[in-house]
Amino acid sequence: MSCIFFTSAIAKDNAKISAIQTELQSLENKLDESHNAWLKHYTSLENYNELTNEMNALEKEIQSYTHTAPPHSLTQRFETLKRQQELLRDYAQHPYGALLEVKHIDEVPQITNPFLILAGYSFIKQLKEQQSILNTNKESLHFLLDVMREKYVLLNTLAEEDKSVEVAKQIARTQSMLEELEGTQKILETSIDIYNQESGSTINKLTHQIKSQFFKIIYIGVTILITILLAFLLKLALRKYILDTDRIYTASKVINYINISIIVLILLFAYMENVTYLVAVVGFASAGLAIAMKDLFMSVLGWFVIVLGGSVHVGDRVRVCKDNSVYVGDVLDISVLRITLFEDVTLTSYMTNRRAGRIIFVPNNYIFTMMFANYTHAGLKTVWDGIDFSITFDSNYKKALKIATEIGKKYAKGYTEMVRQQVHRMRDKYSLRNPNLEVRSYCMIEPNGLRISLWYQTNAYATLSLRSTISGEIIERILKEDDIHIAYPTSKVVANGGDGIGGDTQMHELDSKVILGGGVQVQKLDS
């Protein structure tokens with residue numbers, strides 16, 4: 001009976017041992033499937049220690065061969081173990097360095113403008129990623145300690161039934177592992193707490209700065225919108241109270257430049273940490289740029305002179321002379337750097353350039369250094385234009401003057417009245433003392449005849465067309481007069497000794513008078 005009881009007890013013990021071993025194997029499988037980084041590092045450290053112990057034993061054995069050389073197998077084994085040890089040396093010096101590493105927080109960016117907001121978000125993301133890595137390592141270590149504690153309990157339970165040396169070694173190994181990992185856990189938790197405090201403070205600081213920048217952007221945006229709205233309302237008011245479209249255009253351009261300047265100043269003062277830096281930079285930069293970019297600065301200064309002085313407006317007809325080239329055109333635009341002209345068909349195009357329709361760009365600094373004539377300044381719409389023609393010395397010059405004057409008055413009457421009113425308005429700004437604005441005709445002695453010069457007022461934008469009309473009518477009137485002869489290259493045969501008008505009409509000998517522009521060249525011909 002006792003034998004049966006003993007056999008039954010042994011069976012129960014074996015079943016209990018088998019169940020514990022099954023649970024231990026389940027824990028081992030659980031660790032293998034988890035691929036726990038802490039376990040791998042600890043295993044590497046153990047391997048390093050085992051290699052070190054084995055190498056020490058081999059070294060003592062090799063040193064025991066004092067009189068003979070040690071076997072080649074021993075030395076080869078020692079070298080193999082040494083190479084393996086070198087591979088695991090980092091684990092001996094810093095067994096959990098990579099897992100316990102807490103990256104130092106680099107220099108925290110200062111979010112002082114909207115462009116740095118993305119840098120702030122990127123820095124916050126890096127801090128949170130480091131926090132996530134540390135928390136993952138912490139959870140992984142916590143999982144390993146829980147499994148090892150459970151394993152330690154099972155091994156102690158197994159030791160009550162199995163008194164073998166193998167079980168004792170496993171208990172000692174597990175206990176040593178628990179003690180080391182628990183100490184490591186305390187270090188990790190302390191490092192995580194310190195890092196969370198520092199990173200949390202940094203994240204809060206960056207978040208506050210980012211919010212401040214967002215609010216600043218909103219305030220600046222609202223301010224800029226208000227300035228743009230005020231500029232728009234001011235333009236509407238100008239269109240309502242100013243009738244001259246050219247002046248409205250110029251005023252609109254000035255408002256636009258002032259508006260842009262205000263916006264730039266708003267942005268500078270909003271994001272410049274120290275305005276004195278700006279003053280210093282501008283001071284040093286302007287000293288060098290004033291020499292290197294003299295023409296550019298002079299153009300900007302010329303723009304201020306043009307806009308504030310009112311010497312040129314958009315729509316004015318101007319004449320520009322540069323390097324023996326003359327251009328007459330209408331002002332299309334006045335920008336900060338240049339005046340844009342459209343070259344029209346004018347008397348200058350007809351007599352000098354033989355070209356028209358070009359877009360001419362005139363730098364603003366030219367207004368200080370070259371001839372710059374404005375045909376329509378201060379509201380003037382007319383200019384003096386003149387037509388010259390030559391008559392022979394034997395022509396009735398008084399009648400020619402009268403004809404020219406009558407035709408000039410006929411076509412220039414309306415322009416004369418117009419310019420009289422315009423000049424009257426200019427007396428408040430300029431000293432004009434009763435200028436003679438009537439049509440004028442002059443007779444001048446030239447080497448080849450008498451030159452009749454007719455001067456009259458005409459539209460500044462249509463001088464060529466009126467000149468053509470007046471020239472045609474003068475020719476028609478002169479050709480109807482018998483006592484007025486236009487001087488041009490011609491030939492006339494007259495009696496010898498006479499002048500072609502009176503005297504002896506009996507021709508004994510003929511002279512050939514070749515009239516060239518009113519001049520006479522005599523050739524004697526035999527009859």
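Start at 1 with the first residue, then count along the sequence. Below, each value reflects all heavy atoms present in this structure, side chains not excepted, and no hydrogens, waters or symmetry copies.
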Euclidean distance, Ile387 CD1 relative to Trp455 CH2, rounded to 0.5 Å: 10.0 Å
4.5 Å side-chain heavy-atom contact, Ile228 and Ile263: yes
Can you run down the salt bridge (Lys or Arg N to Asp or Glu O under 4.0 Å) pairs that involve residues 324-340, sequence neighbours left out, and say none if there aren't any? Lys253-Asp333, Arg317-Asp330
Any non-hydrogen side-chain atom of Tyr195 less than 4.5 Å from a side-chain atom of Leu134? yes
Shortest non-hydrogen pair, Ser395 vs His485, comes out as OG-N, 2.8 Å
Is there a side-chain contact (heavy atoms from CB on, under 4.5 Å) between Tyr375 and Val318? Walk through the geometry before answering. CA-CA 6 Å; Tyr375 293 104; Val318 297; 5.6 Å; no
Between the side chains of Asp344 and Thr346, is a donor N or O closer than 3.5 angstrom to an acceptor N or O? no
Derivation of the side-chain hydrogen bond (donor to acceptor under 3.5 Å, both in side chains) call for Ser468 and Ser471: CA-CA 5 Å; Ser468 175; Ser471 297; over 6 Å; no
Taking atom CG of Leu225 and atom CZ of Phe232, what is their separation to the nearest 0.5 Å? 13.5 Å
Given side chains that start at C-beta, do those of Met444 and Tyr442 come closer than 4.5 Å, heavy atoms only? yes
For Cys321 and Val326 the tightest heavy-atom approach is SG-CG2, 4.1 Å
Looking only at atom types and distance, does a side-chain atom of Asn364 sit under 3.5 Å from a main-chain N or O of Val336, one as donor and one as acceptor? yes
Applying side-chain contact (heavy atoms from CB on, under 4.5 Å), run through Ile486 and Ile475 and close with a yes or a no. CA-CA 9 Å; Ile486 296 177; Ile475 291 296; 3.6 Å; yes
Looking only at heavy atoms, what is the nearest atom pair of Asn259 and Ala231, with distance? ND2-CB, 3.9 Å
Excluding sequence neighbours, so at least two apart, what forms side chain to side chain contact (heavy atoms under 4.5 Å, CB included) with Ala462? Asn459, Ser465
Spatial distance of atom CG (Asn196) from atom CD (Gln130) [nearest 0.5 Å]: 10.0 Å
With a 4.5 Å limit on heavy-atom distance, are the side chains of Cys443 and Arg451 in contact? no
For His313, does its backbone N or O pair with a side-chain atom of Asp316 as donor and acceptor, under 3.5 Å? yes
Check against side-chain contact (heavy atoms from CB on, under 4.5 Å), Tyr327 and Arg319: CA-CA 6 Å; Tyr327 303 98; Arg319 181 175 182 268; over 6 Å; no
I'd like to check Ile339 versus Phe361 (side-chain heavy atoms, cut-off strictly below 4.5 Å). Are they in contact? no
Taking the side chain as every heavy atom from C-beta outward, state whether Ile192 and Lys138 have any pair of such atoms under 4.5 Å apart. yes
At their closest point, which heavy atom of Ala37 faces which heavy atom of Ser140, and how far apart are they? N-OG, 4.3 Å
Between CD1 on residue Ile452 and CD1 on residue Ile403, distance to nearest 0.5 Å: 10.0 Å
Nearest 0.5 Å, what's the CD1-CG distance between Ile334 and Leu341? 9.5 Å
Tested for side chain to side chain contact (heavy atoms under 4.5 Å, CB included) against Gln457, the lone hit among Val383, Val439, Thr382, Leu466 is Thr382
Go through Ile210 and Ile124 one step at a time and tell me if the side-chain contact (heavy atoms from CB on, under 4.5 Å) criterion holds. CA-CA 11 Å; Ile210 290 172; Ile124 291 174; 4.2 Å; yes
Hey, does the side chain of Trp38 reach the backbone of Asn137 with a donor-acceptor pair shorter than 3.5 angstrom? yes
Heavy-atom donor-acceptor pair, Ser132 side chain to Lys128 backbone, under 3.5 Å: no
Over 12 foreign heavy atoms within 6.0 Å of CZ, Phe368: yes
For the OH atom on Tyr397, are there more than 12 heavy atoms of other groups (residues, nucleotides or ligands in this structure) within a distance under 6.0 Å? no
If you look only at pairs with a residue in residues 459-469, which of them pass as a salt bridge (Lys or Arg N to Asp or Glu O under 4.0 Å), with sequence neighbours excluded? Asp385-Arg467
Would you say the side-chain atoms of Ser201 pair up with the backbone N or O of Gln197, donor to acceptor, closer than 3.5 Å? no
Under a 4.5 Å cut-off applied to non-hydrogen side-chain atoms, are Leu206 and Ile111 in contact? yes
With distance as the sole test, does Ser441 use its side chain to make a donor-acceptor pair with the main-chain N or O of Leu454 at under 3.5 Å? no
Considering all heavy atoms, the nearest Gly315-Tyr461 contact: O-OH, 2.5 Å
Side chain to side chain contact (heavy atoms under 4.5 Å, CB included) against Glu473, all qualifying residues, sequence neighbours excluded: Ile407, Lys410, Tyr411, Arg477
Considering residues at least two apart in sequence or located in another chain, which fulfil the side chain to side chain donor-acceptor pair (under 3.5 Å) criterion with Lys235? Asn256
CG/Asp193: more than 12 non-hydrogen atoms of other groups inside 6.0 Å: yes
Does any non-hydrogen side-chain atom of Tyr456 lie less than 4.5 Å from one of Arg440? no
Take a 6.0 Å sphere around CG of Leu265 and say whether it holds more than 12 heavy atoms from other residues, nucleotides or ligands. yes
Separation of Ser122 OG from Leu116 CG (nearest 0.5 Å): 12.0 Å
Tell me the side-chain hydrogen bond (donor to acceptor under 3.5 Å, both in side chains) pairs involving residues 204-232, sequence neighbours left out? Gln110-Gln209
